[in-house]
**Q** 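My structure is below; once you've seen it, I'll send some questions.
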Amino acid sequence: MKTLFQEIKASIKNNSDQDRSFWRPVLPWGGVFTIKADRKAVSCLPLYVEITLKNTCTIDGFLMLLYVILRENNTFPRELSLYLGREFVECFLHLMDTYSFTSVKLLWIWDKMEKRQYKSGIHKATLEIDLFGNEHENFTRNLEDLMATMQESYCSNSRCPLRAQERHMQTILINPPHDIPHGDLIQMAVDELFCSRIEVCEEIGCGCLREFSQRIFCHGAPPFVILNMEQWKSEDLAYVPYYLDLCDHKYLLEGATLFNKEEHHYSAAFQIDGYWMHYDGLRNVNLILLHKPPELLLLSSLVYIRAAEK
């Protein structure tokens, strides 16, 4: 039996202009999981025999991207096991490969998310889990220490109340550069976050100069990074780089997640063997091969994978 990834690659190879869609739904929105309970379960309270998932688009696009990244790069499953756990990575790949889409969502919810990140309740013997919200809260922040970074700073004033400081971040949130109308704005924003610099110290009563060291990854360059692009407007995204220089490593654009504000709905786009595909779990035909790279104007995030060292 072919894995899901093998089936997708085969569909890319054998596509025609008349039909550019994958032959079956992939990670459809929501999900229903039926519990096969024995007699002992009757005595358990609260009693439910079915789990219903709602508003899963806040994790669906990233789960699809994570699957493609792991299957396309042979060394990444081992690397990611250091952060997410070997058992999780193996189970995740098995469930995706066997089209167990509701189960893979439940794996993420119960293994990686905190209870406060979603709503749940029991209605007529059905446990309903609602993931309505923000995909960075529901997915990116739950990647353990994958993208954890640290930056040290030191004030020139010996009397500064906090002369030496460390700033830690768990995700990569970049802001568009101010007053720079042209150029590679995304690379500039990444450089602004990661590069060393000197600024006026903001501690009360100080006002001297504070020197910031280069921001570094706490556990080495991760196999992939997610750039949170929520602060960016479409006019700032006329140019999206296919290559990104980050902490002395080169990263390649793998995909993106997109946010439709009117529908409050997330979808995703990604590359396989240089071909772009669009995934939208809410549609009946939800995985489509694109004629050309997508216009990334409704960005929620950009996903880059670490390039192989030569």
**Q** Can you tell me how far CG of Leu106 sits from CZ of Phe33, rounded to the nearest 0.5 angstrom?
**A**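 Phe33 atom CZ to Leu106 atom CG measures 6.5 Å (nearest 0.5 Å).
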**Q** Between Arg141 and Glu114, is the closest basic N to carboxylate O distance under 4.0 Å?
**A** no
**Q** Could you go through the ring pair (Phe, Tyr, Trp, His ring centres under 6.0 Å) check for Tyr67 and Phe270 one step at a time?
**A** CA-CA 11 Å; Tyr67 176 68; Phe270 56 87; 9.5 Å; no
**Q** Is the side chain of Ser267 donor-acceptor paired with the backbone N or O of Asp280 at a distance under 3.5 Å, no angle test?
**A**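 Flag not set: sc Ser267 to bb Asp280 has no pair under 3.5 Å.
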**Q** Is a side-chain N or O of Thr58 found less than 3.5 angstrom from the main chain of Leu131, in a donor-acceptor match?
**A**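 Between the backbone of Leu131 and the side chain of Thr58 there is a qualifying donor-acceptor contact (under 3.5 Å).
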**Q** For Phe62 and Phe139, I'd like to know if the aromatic rings sit close, meaning centre-to-centre distance below 6.0 Å.
**A** yes
**Q** Do we see a donor-acceptor contact under 3.5 Å between the side chains of Gln165 and Glu203?
**A**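 Their side chains do contain a donor-acceptor pair, which is all the 3.5 Å distance test asks for.
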**Q** If I compare all heavy atoms of Leu65 with all of Gly255, which pair ends up nearest, and what's the gap?
**A** CD2-CA, 4.0 Å
**Q** When you measure from the side chain of Ser100 to the backbone N and O of Ser103, does any donor-acceptor pair fall under 3.5 Å?
**A**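 Flag not set: sc Ser100 to bb Ser103 has no pair under 3.5 Å.
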**Q** Take atom CZ in Arg86; do more than 12 heavy atoms of anything else shown fall under 6.0 Å from it?
**A**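 Count not over threshold, so no.
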**Q** With no hydrogens and no angle check, is any side-chain donor or acceptor of Asn142 less than 3.5 Å from a backbone partner on Asn138?
**A** yes
**Q** In terms of side-chain geometry, is the basic nitrogen of Arg163 or Glu211 positioned less than 4.0 Å from the acidic oxygen of its partner?
**A**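 Looking at Glu211 together with Arg163, the answer is no, because their closest N to O distance does not fall below 4.0 Å.
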**Q** Quick check: are there more than 12 heavy atoms from other residues, nucleotides or ligands sitting under 6.0 Å from CZ of Arg24?
**A** yes
**Q** For Glu90, does the CD atom sit with more than 12 other heavy atoms under 6.0 Å from it, leaving out its own atoms?
**A** yes
**Q** Give a yes or no answer on whether the side chain of Glu50 reaches the backbone of Leu127 with a donor-acceptor pair at less than 3.5 Å.
**A**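 No; judged by distance alone, with no hydrogens or angles, the pair does not exist.
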**Q** Look only at the side chain of Asn286 and the backbone of Tyr279, and say whether a donor-acceptor pair between them is shorter than 3.5 Å.
**A**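 Side chain of Asn286 to backbone of Tyr279, a donor-acceptor pair under 3.5 Å: no, none is there.
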**Q** Is there a donor in the side chain of Glu166 and an acceptor in the side chain of His168, or the other way round, less than 3.5 Å apart?
**A** yes
**Q** Atom CD of residue position Gln6 - does it have more than 12 heavy atoms of other residues, nucleotides or ligands inside 6.0 Å?
**A** yes
**Q** Could you check whether Ser300 and Glu230, counting side-chain N and O atoms only, form a donor-acceptor pair closer than 3.5 Å?
**A**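 No.
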**Q** Please walk me through it: do Asp97 and Arg71 pass salt bridge (charged side-chain N to carboxylate O under 4.0 Å, His left out)?
**A** CA-CA 10 Å; Asp97 284 340; Arg71 278 289 174 242; 2.5 Å; yes
**Q** Cationic tip of Arg306 within the cone over Phe224's six-membered ring, i.e. under 6.0 Å and within 45° of the normal?
**A**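 The answer is no; the distance or angle limit is not met.
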**Q** Just by distance, do the side chain of Trp110 and the backbone of Lys105 share a donor-acceptor pair under 3.5 Å?
**A** no
**Q** Taking the six-membered ring of Phe88, is the NZ or CZ of Lys112 close enough (under 6.0 Å from the centre) and on axis enough (within 45°)?
**A**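 Positive - Lys112 is close enough to the ring of Phe88 and near enough to its axis.
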**Q** Would you call the rings of Tyr83 and His219 parallel, tilted or perpendicular, taking 30° and 60° as the class edges?
**A**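 If you compare the ring of Tyr83 with that of His219, the planes turn out perpendicular.
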**Q** Quick one: closest heavy-atom pair of Tyr118 and Met113, and the distance?
**A** CD2-CE, 4.0 Å
**Q** The test is salt bridge (charged side-chain N to carboxylate O under 4.0 Å, His left out); show your working for Lys233 and Asp236 and say whether it passes.
**A** CA-CA 5 Å; Lys233 299 177 181 178; Asp236 299 322; over 6 Å; no
**Q** Counting neighbours of CD on Glu199 that are heavy atoms of other residues, nucleotides or ligands and sit closer than 6.0 Å, is the number greater than 12?
**A**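 Check passes, neighbour count above 12.
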**Q** Do the charged groups of Glu7 and Lys9 touch, with an N to O distance under 4.0 Å?
**A** no
**Q** I'd like to know whether Ser301 forms a side-chain hydrogen bond (donor to acceptor under 3.5 Å, both in side chains) with Thr257, so could you lay out the CA-CA distance, the side-chain angles of the two residues, the decisive distance to 0.1 Å, and finally the verdict.
**A** CA-CA 5 Å; Ser301 68; Thr257 59; 2.4 Å; yes
**Q** Is there a donor-acceptor contact under 3.5 Å from the side chain of Asn134 to the main chain of His136?
**A**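 The answer is yes, because a donor-acceptor pair under 3.5 Å joins these two groups.
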**Q** When you check the side-chain N and O atoms of His264 and Asn55, is any donor under 3.5 Å from an acceptor?
**A** no
**Q** Mark yes or no for whether His249, through its side chain, and Cys247, through its backbone, hold a donor-acceptor pair below 3.5 Å.
**A**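 Yes, because the side chain of His249 sits within donor-acceptor range (under 3.5 Å) of the backbone of Cys247.
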**Q** Just say parallel, tilted or perpendicular for the rings of Trp276 and Tyr242, cut-offs at 30° and 60°.
**A** perpendicular
**Q** In terms of heavy-atom contacts, does OH of Tyr275 have more than 12 from other residues, nucleotides or ligands at under 6.0 Å?
**A**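 It does not: Tyr275 OH has 12 such atoms or fewer within range.
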**Q** Tell me whether Asp145 contacts the main-chain N or O of Ala148 through its side chain, where contact means a donor paired with an acceptor under 3.5 Å.
**A** no
**Q** In terms of relative ring orientation, are Tyr99 and Phe101 parallel, tilted or perpendicular, with 30° and 60° separating the classes?
**A**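 Answer is perpendicular, since the angle exceeds 60°.
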**Q** Would you call Lys119-Glu128 a salt bridge at under 4.0 Å N-O?
**A**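 Between Glu128 and Lys119 there is no salt bridge, as every charged N stays at least 4.0 Å from the carboxylate O atoms.
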**Q** Are Lys13 and Asp273 ion-paired here, with the side-chain N under 4.0 Å from a carboxylate O?
**A**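 A salt bridge is absent here (no side-chain N lies under 4.0 Å from a carboxylate O).
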